[in-house]
Protein chains: 2
Amino acid sequence: MPTDVFAVLAEPARRRILDELRVADRSVGELVVALTISQPTVSKHLKVLRDAGFVSARTAAQQRIYHVEPTQFAALDEWLAPYRRLWTNHLDELARHLDRMEQ
Amino acid sequence: MPTDVFAVLAEPARRRILDELRVADRSVGELVVALTISQPTVSKHLKVLRDAGFVSARTAAQQRIYHVEPTQFAALDEWLAPYRRLWTNHLDELARHLDRMEQ
DNA sequence: GACGTATATTCCTTGACAGGCATATGCCTG
DNA sequence: CAGGCATATGCCTGTCAAGGAATATACGTC
């Protein structure tokens, strides 16, 4: 996890790329068409996403087909996990609260 | 959700603040001590977190006690949801793969 | 091997944002 | 109401990253 996961996702264009790739693998050209962003800009964002481990690419002739790499999303999920308790598992929250009170 | 959730979390100092507040509510001064960041900087980050709905504060004499507000974390979780399938499927595939190898 | 397509990279400019410092505001105590 | 503490805000500057335009690289085709 060299690059900051959140910094990478902070860019809206990159999230749009991920949303697109989540549905299906895409070539750079397809992303350019789908997102109406210039090709160099898309390539640069893809580089950032690649370096951060969010996507990877396979070569098919002149094209590069990108696909989502789940690992970094799992990392984000892990970061979120301790906060998840705050809004989902109210019983856990209550239990911890009672634990504190018992001491 | 006026401000971008990811942009807010992109700042490491803000995540440290949230990690601190997740454990327990804290006054600004306590955060300054705990994180070794200047008071104005902490206050500015808290303002960003407040405006984005990540935290809120109650007034206690001269102090302001901050606490985590779960809503935005839930929003983040919702964003993550469709991607979650990606890596749970991935784990399933890995499991099947290992099953095959065992035979 | 020249050419066309697909993608990556470089250079440059511009805008946003973080941090330091100084200062303002709010609140309590004597 | 003066003075001190806790927090917020304003100003300034440096940094960094995004986007546009031009160009480089890789690959296939004729």
Side-chain angles (χ1 to χ4, degrees), chain A residues 1-21 23-69 72 76, chain B residues 1-21 23-69 72 76:
Chain A
M1 188 167 47
T3 320
D4 191 327
V5 170
F6 291 96
V8 171
L9 295 177
E11 193 59 35
R14 287 198 280 266
R15 294 202 299 272
R16 292 178 60 204
I17 290 178
L18 289 174
D19 282 339
E20 203 60 35
L21 292 180
V23 179
D25 295 3
R26 303 274 188 209
S27 72
V28 178
E30 287 172 334
L31 289 172
V32 169
V33 171
L35 304 178
T36 330
I37 305 178
S38 83
Q39 178 268 313
T41 299
V42 169
S43 280
K44 281 182 238 176
H45 284 312
L46 285 171
K47 177 179 175 54
V48 175
L49 289 169
R50 245 186 299 127
D51 291 349
F54 278 97
V55 303
S56 53
R58 68 175 187 274
T59 301
Q62 316 97 328
Q63 306 191 1
R64 303 223 174 160
I65 312 295
Y66 280 82
H67 59 95
V68 170
E69 209 64 48
Q72 296 306 310
L76 178 58
Chain B
M1 188 166 49
T3 319
D4 191 327
V5 170
F6 291 96
V8 171
L9 295 177
E11 192 59 35
R14 286 198 281 265
R15 292 202 301 271
R16 293 177 61 203
I17 290 178
L18 290 174
D19 282 340
E20 202 63 34
L21 292 179
V23 179
D25 296 2
R26 304 274 188 211
S27 71
V28 178
E30 288 172 333
L31 289 172
V32 169
V33 171
L35 304 178
T36 329
I37 304 178
S38 82
Q39 178 268 314
T41 299
V42 170
S43 280
K44 281 181 231 176
H45 284 312
L46 285 171
K47 178 179 174 53
V48 175
L49 289 168
R50 243 187 298 128
D51 291 349
F54 278 96
V55 304
S56 54
R58 66 175 189 273
T59 302
Q62 317 96 329
Q63 307 189 2
R64 302 222 175 162
I65 312 295
Y66 280 83
H67 58 96
V68 170
E69 209 64 49
Q72 296 306 310
L76 178 57

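This is a predicted model, so every value here is computed, not measured.
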Check your understanding: Can you check the A:D51 CG to C:dA8 C1' distance for me, whole Å?
Key -> 12 Å

Revision key, fill the gap. Among D:dC27, D:dA8, D:dG19, the one nearest any side-chain atom of B:S43 is D:dA8

Review point. Is there side-chain contact between A:L46 and A:L31, with at least one heavy-atom pair below 4.5 Å?
Key: yes

Practice item. Could you state the atom-to-atom distance from CD1 of B:I37 to C1' of C:dG20 in whole Å? Key: 14 Å

Check your understanding: Base, sugar-phosphate, or nothing: which does B:K47 touch, judged by heavy atoms less than 4.0 Å apart?
Key -> sugar-phosphate

Check your understanding: With nearest nucleotides of DNA chain D determined for A:A61 and A:R14 from heavy-atom distances, which residue corresponds to the more 5′ nucleotide?
Key -> A:R14

Check your understanding: To the side chain of A:Q63, which of C:dA6, C:dA22, C:dT9 is closest?
Key -> C:dA6

Check your understanding: Between A:Y66 and C:dA8, does any side-chain N or O lie under 4.0 Å from OP1 or OP2?
Key -> yes

Exercise for review: Give the nucleotide from the list D:dA6, D:dT9, C:dT5 with an atom nearest to the side chain of B:Q62.
Suggested key: D:dA6

Review point. In Watson-Crick or G-U wobble terms, both distances under 3.5 Å, what is the partner of C:dG30?
Key: D:dC1

Review point. Are any non-hydrogen side-chain atoms of B:R58 and B:D25 less than 4.5 angstrom apart?
Key: yes

Review point. The side chain of A:Q39 lies closest to which of these nucleotides: D:dG19, C:dA8, C:dG20?
Key: C:dA8

Practice item. Would you mind reading off the distance between A:L35 atom CG and D:dG19 atom P, rounded to a whole angstrom? Key: 12 Å

Exercise for review: Give one of base, sugar-phosphate or nothing for B:T59, where a contact means two heavy atoms less than 4.0 Å apart.
Suggested key: nothing

Practice item. In whole angstrom, give the distance that lies between atom CD1 of B:I17 and atom P of D:dA8. Key: 11 Å

Exercise for review: Would you mind reading off the distance between B:H45 atom NE2 and D:dT7 atom C1', rounded to a whole angstrom?
Suggested key: 15 Å

Check your understanding: In whole angstrom, what separates B:R16's CZ from C:dA18's C1'?
Key -> 15 Å

Revision key, fill the gap. Separation of C:dC27 atom P from B:R58 atom CZ, nearest Å, is 16 Å

**Study point:** Inter-residue atom distance A:E11.CD - B:D4.CG, 0.5 Å rounding
**Key:** 9.0 Å

Point to revise | Nucleotide nearest B:R64 (side chain, heavy atoms from C-beta), chosen from D:dT7, D:dG20, D:dA22 | key: D:dT7

Review point. Is there side-chain contact between A:K47 and A:H45, with at least one heavy-atom pair below 4.5 Å?
Key: no

Practice item. Establish, with yes or no, whether the OP1 or OP2 oxygen of C:dG20 is under 4.0 angstrom from a side-chain nitrogen or oxygen of B:S38. Key: yes

Exercise for review: State whether the distance check finds a donor on one side and an acceptor on the other, under 3.5 Å, for side chain A:E11 versus base D:dA18.
Suggested key: no

Point to revise | Main-chain N/O of A:S27 paired with A:E30 side-chain donor or acceptor, under 3.5 Å | key: yes

Point to revise | Whole-Å distance separating the CD atom of B:E30 from the P atom of D:dC5 | key: 18 Å

Practice item. With the side chain of B:P40 defined as its heavy atoms from C-beta on, choose the nearest nucleotide among C:dA22, C:dG20, C:dT10. Key: C:dA22

Point to revise | B:L76 and B:L9, any side-chain heavy atoms less than 4.5 Å apart | key: yes

